[in-house]
Amino acid sequence: MKKRSKVIMIVIAGAAILIGAIWLINESRYPNVPAFDDHFTCKFLNKDKKVDDGFYEFKPKTGQYTMWFPEEYQVLHKNREDYAVNNDSYESWWAVYNEEVEGKKQANYIKTEFLTSNPADESIHVEALFKRRFGLSVPNKIENSQTRIYYQSAYIYFKGTEKHVIVDKKKHIPNTYLTYVADKRSNKILQISFDSSDKYKSGDEKKQDWFLKMLKNIHFNEGK
């Protein structure tokens, strides 16, 4: 009986070692960055495709588009409102990066929403979106061969329940960026916002370049 118990213990120990070795091998296959430390986030990322310094290719569950995802962020998924998907027609997600600025933790959020909209109503939706967020009717606009990109930034803060928006970058470095990206070949759109819980200490040019880099590398898939 003792011999049998000993054999069973050896088998269990061997299995545990084997499972541990497999786990270590799988873990070592992923890049050593925060995005791949979270098992939910890494499901969306192509570990073999670091598209640029600090970014990996992001493929959503809808399969409708690809974009660049910053390696220090993680997709939230604990609460129901953090991530939502409806087949291939709708998807929304939040991602967060807790940055240390001057000894304090500062939460940075990216919210992305994929949906479809009648291209004929594009100007109406764009105006309403940016007027609601910034009080502006005409945001900045850039185009490439595939997309129309509308974007704007501002510093937003509240005094009590009263919202204040400073668009002039000379007066204050922005803490909020917003974009509306429309596919030229279909009715697909992405609305993306970036928000920080505090003001930035670095120059706006660096953050805006980072944001625009993501926007210019959004690709909507054809035939879906």
Side-chain angles (χ1 to χ4, degrees), residues 33-35 41 51-56 58 65 67-76 81-83 92-115 117 122-144 147-182 189-219:
V33 295
T41 304
V51 288
D52 194 35
D53 188 32
F55 293 94
Y56 286 86
F58 179 95
Y65 67 94
M67 64 179 286
W68 288 11
F69 187 90
E71 63 183 19
E72 66 270 24
Y73 280 73
Q74 294 182 344
V75 178
L76 297 174
E81 62 272 19
D82 291 337
Y83 178 82
S92 69
W93 50 268
W94 287 83
V96 66
Y97 165 46
N98 292 310
E99 179 183 15
E100 188 166 313
V101 178
E102 297 184 353
K104 295 192 302 182
K105 288 290 184 181
Q106 174 174 300
N108 303 300
Y109 293 95
I110 296 173
K111 184 186 180 192
T112 300
E113 187 174 29
F114 167 80
L115 61 160
S117 179
E122 183 172 299
S123 61
I124 298 172
H125 293 313
V126 168
E127 180 178 348
L129 178 66
F130 287 91
K131 183 171 282 188
R132 182 172 67 250
R133 195 72 179 273
F134 298 115
L136 293 172
S137 299
V138 184
N140 298 305
K141 181 183 178 183
I142 54 178
E143 293 191 47
N144 57 38
T147 59
R148 287 181 295 275
I149 302 168
Y150 304 88
Y151 70 97
Q152 187 62 52
S153 63
Y155 180 71
I156 298 178
Y157 69 101
F158 288 84
K159 281 188 175 180
T161 58
E162 186 179 354
K163 181 180 178 181
H164 296 265
V165 180
I166 301 175
V167 178
D168 189 348
K169 297 174 184 177
K170 294 179 181 178
K171 293 182 178 179
H172 210 295
I173 296 172
N175 64 351
T176 300
Y177 293 77
L178 177 66
T179 187
Y180 183 105
V181 183
I189 65 169
L190 277 174
Q191 293 182 18
I192 304 174
S193 64
F194 166 83
D195 296 275
S196 168
S197 62
D198 201 354
K199 64 183 181 180
Y200 277 98
K201 311 299 180 184
S202 58
D204 172 65
E205 292 79 12
K206 185 178 180 180
K207 183 57 64 176
Q208 179 165 293
D209 288 346
W210 174 86
F211 191 64
L212 288 176
K213 188 178 286 188
M214 283 197 295
L215 305 187
K216 292 176 181 178
N217 287 283
I218 290 170
H219 300 285

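For the numbers below, each heavy atom of this structure counts, side chains included, while hydrogens, waters and symmetry mates do not.
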### Message
Taking atom CG as the centre, does D168 end up with more than 12 heavy-atom neighbours from other residues, nucleotides or ligands that are less than 6.0 angstrom away?
### Response
yes
### Summary
Here the gap from L115 atom CG to I189 atom CD1, rounded to the nearest 0.5 Å, amounts to 4.0 Å
### Query
How are the rings of Y157 and H164 set relative to one another: parallel (under 30°), tilted (30 to 60°) or perpendicular (over 60°)?
parallel
### Query
Does the pair K171 and Y155 meet the rule for a side chain to side chain contact (heavy atoms under 4.5 Å, CB included), with working shown?
CA-CA 9 Å; K171 293 182 178 179; Y155 180 71; over 6 Å; no
### Message
Restricting to non-hydrogen atoms, name the atom on V165 and the atom on R133 that form the minimum distance, rounded to 0.1 Å.
### Response
CG2-O, 4.0 Å
### Query
Residues in ring pair (Phe, Tyr, Trp, His ring centres under 6.0 Å) with F58, at least two apart?
F44, F69, W93
### Task
Kindly compute the distance separating CG (L215) from OG1 (T147), expressed to the nearest 0.5 Å.
8.5 Å
### Minimum-distance pair of heavy atoms, taken over all atoms of L178 and S193
CD1-CB, 3.8 Å
### Message
Quick check: closest heavy atoms across M67 and I218, and the distance to 0.1 Å?
### Response
CB-CG1, 3.9 Å
### Task
Calculate, to the nearest 0.5 Å, the distance between atoms CH2 and NZ belonging to W94 and K111 respectively.
5.5 Å
### Task
Taking T176 for its side chain and S153 for its backbone only, find out whether a donor-acceptor pair lies under 3.5 Å.
no
## Note on the structure
Sorted by chain and number, sequence neighbours left out, salt bridge (Lys or Arg N to Asp or Glu O under 4.0 Å) with K163 holds for none
### Message
Going by the rule salt bridge (Lys or Arg N to Asp or Glu O under 4.0 Å), which residues pair with K213 if we only count those two or more places apart in sequence or in a different chain?
### Response
D52
### Task
Check V75, L76, I110 against V96 for a side-chain contact (heavy atoms from CB on, under 4.5 Å) and give me the one that passes.
L76
### Query
Below 6.0 angstrom between ring centroids: does that apply to Y151 and F211?
no
### Query
With sequence neighbours left out, what residues match E122 under salt bridge (Lys or Arg N to Asp or Glu O under 4.0 Å)?
R148
### Task
For residues I192 and Y177, determine if any side-chain heavy atom of one lies less than 4.5 Å from a side-chain heavy atom of the other.
no
### Query
F134: what forms a ring pair (Phe, Tyr, Trp, His ring centres under 6.0 Å) with it, not counting sequence neighbours?
none
Enumerate donor-acceptor pairs with a distance under 3.5 Å from any side-chain N or O in residues 125-132 to protein atoms, sequence neighbours excluded.
from: H125; atom 1: NE2; to: S117; atom 2: OG; distance (Å): 3.2
from: K131; atom 1: NZ; to: S137; atom 2: OG; distance (Å): 3.3

### Task
Calculate, to the nearest 0.5 Å, the distance between atoms CH2 and CH2 belonging to W68 and W210 respectively.
12.5 Å
### Message
Do Y180 and P139 make a side-chain contact, defined as non-hydrogen atoms from C-beta onward lying under 4.5 Å apart?
### Response
no
### Message
With rounding to the nearest 0.5 angstrom, report the CD to CZ distance, Q208 to F194.
### Response
12.5 Å
### Message
For N98 versus K105, what's the shortest heavy-atom pair and its separation?
### Response
O-NZ, 4.3 Å
#### Entry: Interatomic spacing from NZ in K216 to CG in N144 - rounded to 0.5 Å
9.0 Å
#### Entry: For the student: nearest non-hydrogen atoms of E72 and P34, plus distance
O-CB, 3.7 Å
#### Entry: Side chains of K207 and P174 in contact at under 4.5 Å (non-hydrogen atoms)
no
